[in-house]
J.: 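Dropping the structure in here first, questions after.
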Amino acid sequence: MQGRRDLLGDILGGGLAALAAGPAAAQPVGGGRAVRVIVPFPPGGAIDLLGRLVAERLGPALGQNVVVENRGGAGGILGTDAVAKGAPDGTVIGVIGGVTLTAYPTLYERLPFDPARDLQPLTMITSGALLCVVNAAEAARRGWTDFRALIAWSKANPDRVKMGSSGPGTSSHLIIEAINAMAGARILHVPYRGGGPAITDLLSGTIDLMFDVTPALMPQVQAGKFKPLAVSSRARMDFAPEVPGMGEFADLGLGELDLLSWNALMLPAGTPAPVVERLLAAVRQAAADPALVERLRPLGYDVVLSESPAALAAQVERETPAWKRLVEMSGVKLD
């Protein structure tokens, strides 16, 4: 994590210098019209929180109005499609999960967009592991003292452990399908139209489990409502050093599982290079706000920016084969 923070400092410093380089850098995008930050999930989830925190800081950095637009549905596909079909003038920015860019082309038989053709990379914005939590009251009642106990209970009680996700094909869906396949677990997937509704049902006990990004889950962990059992990365994470990583469950067949969930800011393809550079400078300025970093870090998000849009494109290309293998391992195929 320290290396990432050092790299972030170098990148941010370059971005701030670019902002001060001259009057051309301060030109508004889209003729000064409002910039829409499209969040492809409903309000209340982790991606919505991230989008709002970024939008709050982009407005002053750009010197123009920035609004959040929630376009939930189909595991983020509808919102991502809205970005792909948006005006390529800098007034449309999407907060897009890495899984959408790397796994969806394999996972779905048909997509209304091609990530490589229809989206222009801007920068990664955050990275973090998924956190596995259960309803604390149900965990106490059923004896789920740790992750191993949960897996054993699911095998003895097939399909009675219900795991909510923010939608079909999301990273939380794929990891539980992989755990079912690799560990022989029998956990039932229950898809929602976003993380917010799933969290509500986990609080009520309608579902039992979530594997999701941590910002939306940690407040309930801290309140004692959710019990954390594992993280999706191979190693433990700094934000929850007491929670085991997948590398500690080699006896369950999960030792090689190592999944990090990252989010990127993407633009419609064809956005002119000067506009891309203007937006990138504004994002770097926004990300330099210590309040943003401190707000996200305790919740499990590291603010991590790409070295360049080209570096983000290369990352997507590099990670796609691994996600393709995970999709094939899970056996999931969606229309």
Side-chain angles (χ1 to χ4, degrees), residues 39-50 70 72-76 97 99 128-180 183 185-233 237 239-240 242-246 259 261 263 296 298-301 332:
V39 174
F41 293 98
I47 306 304
D48 178 60
L49 171 63
L50 172 61
N70 294 91
V99 68
L130 301 181
L131 181 66
C132 174
V133 299
V134 291
N135 180 290
E138 287 300 306
R141 186 173 68 85
R142 294 177 174 177
W144 298 342
T145 55
D146 56 23
F147 188 70
R148 283 187 179 82
L150 171 70
I151 297 299
W153 200 94
S154 78
K155 291 179 180 180
N157 301 272
D159 297 333
R160 287 186 59 192
V161 179
K162 298 184 290 294
M163 192 214 78
S165 77
S166 53
T170 55
S171 53
S172 54
H173 176 203
L174 291 179
I175 193 170
I176 206 63
E177 296 292 356
I179 287 171
N180 280 341
R186 293 291 301 275
I187 296 171
L188 181 66
H189 174 233
V190 181
Y192 286 79
R193 288 177 59 85
I199 289 170
T200 298
D201 275 4
L202 183 57
L203 282 167
S204 70
T206 303
I207 58 175
D208 307 300
L209 164 71
M210 284 187 72
F211 246 113
D212 211 343
V213 289
T214 56
L217 300 179
M218 284 301 288
Q220 301 302 334
V221 171
Q222 293 161 353
K225 301 292 186 180
F226 294 166
K227 179 181 177 65
L229 298 182
V231 292
S232 65
S233 53
M237 301 294 289
F239 71 88
E242 75 284 358
V243 180
M246 289 292 120
L259 188 151
S261 177
N263 297 291
L296 292 174
L299 300 177
Y301 267 156
V332 177

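From a predicted model like this one, the values you see are computed outputs, not experimental measurements.
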J.: Looking at A137 and N135, what are the two nearest heavy atoms and their distance?
T.: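 For A137 and N135, the tightest heavy-atom pair comes out as N-OD1, 3.1 Å.
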J.: Could you check if a side-chain atom of S232 sits within less than 4.5 angstrom of a side-chain atom of S261, using non-hydrogen atoms only?
T.: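 No - every pair of side-chain heavy atoms lies 4.5 Å or more apart.
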J.: Applying ring pair (Phe, Tyr, Trp, His ring centres under 6.0 Å), can you list everything that pairs with F147, at least two apart in sequence or on another chain?
T.: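 Result, ring pair (Phe, Tyr, Trp, His ring centres under 6.0 Å) vs F147: F249.
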J.: Can you spot which of D212, T170, L209 makes a side chain to side chain contact (heavy atoms under 4.5 Å, CB included) with S165?
T.: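 In the set D212, T170, L209, the residue that makes a side chain to side chain contact (heavy atoms under 4.5 Å, CB included) with S165 is T170.
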J.: To the nearest 0.5 Å, how far apart are CD1 in I175 and SG in C132?
T.: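 If I round to the nearest 0.5 Å, the distance is 8.5 Å.
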J.: Sequence neighbours left out, what pairs pass salt bridge (Lys or Arg N to Asp or Glu O under 4.0 Å) with at least one residue falling in residues 185-196?
T.: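 Sorted result for residues 185-196: D159-R186.
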J.: If you define the side chain from C-beta out and look only at heavy atoms, does anything of L217 sit under 4.5 Å from I199?
T.: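 Yes, side chains in contact.
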J.: Apply side-chain contact (heavy atoms from CB on, under 4.5 Å) to I151 and I179, showing your working.
T.: CA-CA 9 Å; I151 297 299; I179 287 171; 3.9 Å; yes
J.: Restricting to side chain to side chain donor-acceptor pair (under 3.5 Å), what partner residues turn up for D146, sequence neighbours left out?
T.: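 Residues passing side chain to side chain donor-acceptor pair (under 3.5 Å) with D146: none at all.
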J.: What is the minimum heavy-atom distance between A198 and I207, and which atoms define it?
T.: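 That would be O-CD1, 3.4 Å.
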J.: Quick check for you: to the nearest 0.5 Å, what is the distance between M246 atom CE and L130 atom CG?
T.: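 Reported value, rounded in 0.5 Å steps: 9.5 Å.
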J.: Please step through side-chain contact (heavy atoms from CB on, under 4.5 Å) for the pair L229 and V243, ending with a clear verdict.
T.: CA-CA 6 Å; L229 298 182; V243 180; over 6 Å; no
J.: Are V133 and F211 packed together at the side-chain level, in the sense that at least one heavy-atom pair is separated by less than 4.5 angstrom?
T.: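 V133 does not reach F211 side chain to side chain.
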J.: Between D208 and M163, is any pair of side-chain heavy atoms under 4.5 Å apart?
T.: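 They are not in side-chain contact.
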J.: Is there a side-chain contact between L50 and N263, using heavy atoms and a 4.5 Å cut-off?
T.: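 L50 reaches N263 side chain to side chain.
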J.: Please check this pair: side chain of N70 against backbone of G72, looking for a donor-acceptor N/O pair closer than 3.5 Å.
T.: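 No: the side chain of N70 does not pair with the backbone of G72.
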J.: Run the side-chain contact (heavy atoms from CB on, under 4.5 Å) check on L188 and V161 step by step: do they pass?
T.: CA-CA 6 Å; L188 181 66; V161 179; over 6 Å; no
J.: Can you tell me how far apart CZ (F226) and CE (M210) are? Round to the nearest 0.5 Å.
T.: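 The CZ atom of F226 sits 7.0 Å away from the CE atom of M210.
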J.: Show the nearest heavy-atom pair for residues S171 and V99, with the distance to one decimal.
T.: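 Closest approach of S171 to V99: N-CG1, 3.9 Å.
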J.: Would you mind reporting whether K227 and W144 have side-chain heavy atoms less than 4.5 Å apart?
T.: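 A side-chain contact under 4.5 Å is absent here.
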J.: Where the side chain of D48 meets the backbone of P42, is there a donor-acceptor pair that is under 3.5 Å apart?
T.: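 Pair absent, no side-chain N/O of D48 close to backbone of P42.
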J.: Within a strict 4.5 Å, meaning less than it, do heavy atoms of the P244 and V231 side chains meet?
T.: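 The answer is no; the side chains never approach within 4.5 Å.
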J.: Heavy atoms only: give me the nearest A149-G143 pair and the separation to one decimal.
T.: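 Heavy-atom minimum between the residues: CB-O, 3.6 Å.
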J.: Ignoring hydrogens and geometry, is there a side-chain-to-backbone donor-acceptor pair from N157 to R160 under 3.5 Å?
T.: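 Absent.
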J.: Taking the basic N atoms (NZ, or NE/NH1/NH2) and the acidic carboxylate oxygens, is any pair closer than 4.0 Å for K162 and D201?
T.: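 Salt bridge: no.
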J.: Are the side chain of T200 and the backbone of G196 linked by a donor-acceptor contact shorter than 3.5 Å?
T.: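 Side chain of T200 to backbone of G196: a pair is present.
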J.: Provide the closest heavy-atom pair for S172 versus S166 in the form atom of the first, atom of the second, distance.
T.: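 In this case the closest contact between S172 and S166 is OG-N, 3.9 Å.
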J.: How close do S154 and I187 get, counting heavy atoms only, and between which atoms?
T.: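 That closest heavy-atom pairing would be CB-CG1, 3.8 Å.
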